[in-house]
Amino acid sequence: MEQILIALLKAAVRYKATDIHFRVEPDGHLSTEMRIGGTMVPLDLKSLDERFFRYLLYRADMDVSSTALPQTGSFEAEADGVRLALRFALVSGFHVQSGVLRILNMTSGLRIRDLSMDPRQVRHLERITSRRSGLYLFSGPTGSGKTTTLYTILNETEGKKIYTLEDPVEVYSDRYIQLQVNESRHLSFAEGIRQLMRHDPDIIMIGEIRDSEAAAMAVRCALTGHLVLSTIHASSCTGALHRMEDLGVQAYQLEDILCGVSNQRLYEKQDGSGKTCIYEMMERKELMYYFRNHRTDPDFIPLGKAAEEAVRRGIISAQEAEADLC
């Protein structure tokens with residue numbers, strides 16, 4: 001079983017897959033897919049069955065006798081000399097069981113210049129962690145690459161003491177200290193922030209703002225003079241501002257602490273060499289204009305316009321841009 005696992009992980013590393021999906025069919029057969037560049041690719045592994053699925057549960061230190069309940073576990077393995085941090089998540093449906101093996105350190109080799117083919121956008125991303133304080137929000141829908149953008153920026157940051165508070169840890173890195181929220185062990189967002197504040201951080205990364213507690217903690221940290229980076233689900237930069245207000249943050253607080261907001265989408269490059277991010281970005285100047293005039297700055301470039309420019313430059317196809325922005 002271990003040899004099969006290592007072979008799968010070697011393939012995942014070779015093709016830069018982020019997740020391996022498993023599905024136990026009613027007849028015991030195990031169907032397998034990899035997510036490569038955002039696309040699901042089926043694997044023809046007819047020899048795999050439920051025994052391998054149970055082996056993954058065992059390796060992740062999960063309860064094999066309680067597979068009807070959702071569970072998550074983690075472990076490490078080595079493939080081609082690369083030490084991989086892995087998280088296995090289980091959920092059971094009416095007829096089938098589904099598991100996802102996520103490779104938590106597959107984005108560690110990316111550089112900021114790899115994220116976008118627009119020099120203006122690259123320069124903006126490179127400047128983010130040079131700020132001393134404030135709140136920066138990376139926004140976008142699920143699968144838009146915002147978490148990858150955030151970790152790539154952190155991995156290139158030098159000379160700063162960085163701590164993260166995540167629920168759960170999405171990408172493993174040994175370049176900074178990562179804490180995972182664990183309510184059963186009395187480590188909530190609030191307690192996690194209290195602990196981090198005692199360690200003299202330069203940058204605090206909150207994995208995702210999804211509720212009022214996380215929003216309040218992000219604001220609190222920024223108000224105490226730290227640089228806080230986080231992600232939030234929204235379809236635009238202004239949508240991210242509205243989402244923060246929906247979570248209980250006052251507009252005057254956002255005006256005081258926000259140092260920037262970005263919104264992004266992932267596009268397939270026209271030359272077939274992979275994917276690239278296209279961003280819309282609001283820096284401090286655009287944010288102040290928006291809060292004072294309740295509309296975007298005339299110089300603000302919305303995502304649609306940025307995508308049109310990428311089409312004009314031959315980076316992405318018109319069909320790709322239209323399909324993603326519909």
Side-chain angles (χ1 to χ4, degrees), residues 18-19 21 35 60-63 69-76 84-91 98-108 135-155 157 161-199 201-224 226-234 240 243-244 246-249 257 261-262 264:
T18 56
D19 302 86
H21 289 243
R35 185 178 293 279
D61 196 25
M62 295 159 70
D63 188 351
L69 300 174
Q71 297 184 58
T72 303
S74 58
F75 62 101
E76 293 186 353
L84 300 176
L86 307 164
R87 185 178 72 232
F88 190 59
L90 162 74
V91 66
S98 174
V100 180
L101 187 65
R102 167 155 287 195
I103 305 172
L104 298 176
N105 48 350
M106 284 302 288
T107 63
S108 58
L135 172 63
Y136 193 101
L137 294 174
F138 299 85
S139 66
T142 299
S144 60
K146 55 188 180 296
T147 299
T148 298
T149 294
L150 176 51
Y151 278 108
T152 300
I153 290 170
L154 290 179
N155 285 335
T157 301
K161 199 164 185 181
I162 303 171
Y163 291 86
T164 77
L165 184 61
E166 305 172 67
D167 182 24
V169 171
E170 292 293 338
V171 178
Y172 171 80
S173 177
D174 57 6
R175 294 177 60 86
Y176 33 83
I177 306 299
Q178 295 176 281
L179 275 69
Q180 182 163 307
V181 173
N182 190 329
E183 297 287 350
S184 65
R185 296 185 179 180
H186 309 292
L187 185 62
S188 62
F189 265 108
E191 181 58 29
I193 291 297
R194 276 194 289 270
Q195 294 299 326
L196 291 184
M197 298 291 278
R198 297 168 183 166
H199 289 263
D202 293 306
I203 299 172
I204 295 175
M205 188 273 269
I206 297 175
E208 181 185 339
I209 296 176
R210 62 168 68 102
D211 55 34
S212 57
E213 181 185 26
M217 290 300 104
V219 170
R220 176 183 172 187
C221 290
L223 286 172
T224 57
H226 297 86
L227 178 62
V228 180
L229 310 180
S230 191
T231 68
I232 192 166
H233 286 283
R243 177 64 179 145
M244 288 292 286
D246 289 342
L247 293 174
V249 181
I257 63 169
V261 180
S262 66
Q264 67 184 84

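Atoms considered below: every heavy atom in the structure, side chains included; atoms not considered: hydrogens, waters and symmetry mates.
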*Is any side-chain heavy atom of Glu208 closer than 4.5 Å to a side-chain heavy atom of Asp167?*
no

*Does CG in Asp61 sit with more than 12 non-hydrogen atoms of other residues, nucleotides or ligands closer than 6.0 Å?*
no

*Evaluate the side-chain proximity of Ile193 to Ile206: yes if any heavy-atom separation is below 4.5 Å, no if none is.*
yes

*Any donor-acceptor pair under 3.5 Å linking the side chain of Ser139 with the backbone of Ser262?*
yes

*Less than 4.5 Å apart, any side-chain heavy atom of Asn155 and any of Ser173?*
yes

*Taking all non-hydrogen atoms of both residues, which atom of Leu90 and which atom of Leu69 are closest, and how far apart?*
CD2-O, 3.9 Å

*Distance (rounded to the nearest 0.5 Å) between Leu229 CG and Thr157 OG1*: 8.0 Å

*What's the shortest heavy-atom distance between Ala240 and Val261, and which atoms?*
CB-CG1, 4.0 Å

*Is any side-chain heavy atom of Leu86 less than 4.5 Å from a side-chain heavy atom of Ile103?*
yes

*To the nearest 0.5 Å, how far apart are CG in Leu84 and CZ in Phe75?*
9.5 Å

*To the nearest 0.5 Å, what is the distance between OG1 (Thr164) and CD1 (Ile177)?*
9.0 Å

*Is the shortest heavy-atom distance from the side chain of Ile153 to the side chain of Phe138 under 4.5 Å?*
yes

_Is the shortest side-chain heavy-atom distance between Ile162 and Arg175 below 4.5 Å?_
no

*Without swapping roles, check the side chain of Thr18 against the backbone of Arg102 for a donor-acceptor pair under 3.5 Å.*
no

*Distance, nearest 0.5 Å, that separates CG of Leu247 from CD1 of Ile232*: 5.5 Å

*Is there a donor-acceptor pair under 3.5 Å between the side chain of Thr231 and the backbone N or O of Thr147?*
no

*Under 3.5 Å, is there a donor-acceptor pair between the side chain of Lys146 and the main chain of Gly140?*
yes

*asked:* Does any part of the side chain of Leu165, heavy atoms only, come nearer than 4.5 Å to the side chain of Met217, both counted from C-beta?
replied: no

_Could you check whether Asp202 pairs with Lys161 (Lys NZ or Arg NE/NH1/NH2 to Asp/Glu carboxylate O, under 4.0 Å)?_
no

_Atom pair CE (Met205) and CG (Leu227), whose distance is rounded to the nearest 0.5 Å_ = 12.0 Å

_Minimal non-hydrogen separation, Pro141 against His233, with atom names_ = C-ND1, 4.0 Å

*Shortest non-hydrogen contact from Leu135 to Ala218?*
CD1-CB, 4.2 Å

*Heavy-atom closest contact (Thr72 atom, Met62 atom, distance)*: N-CE, 3.9 Å

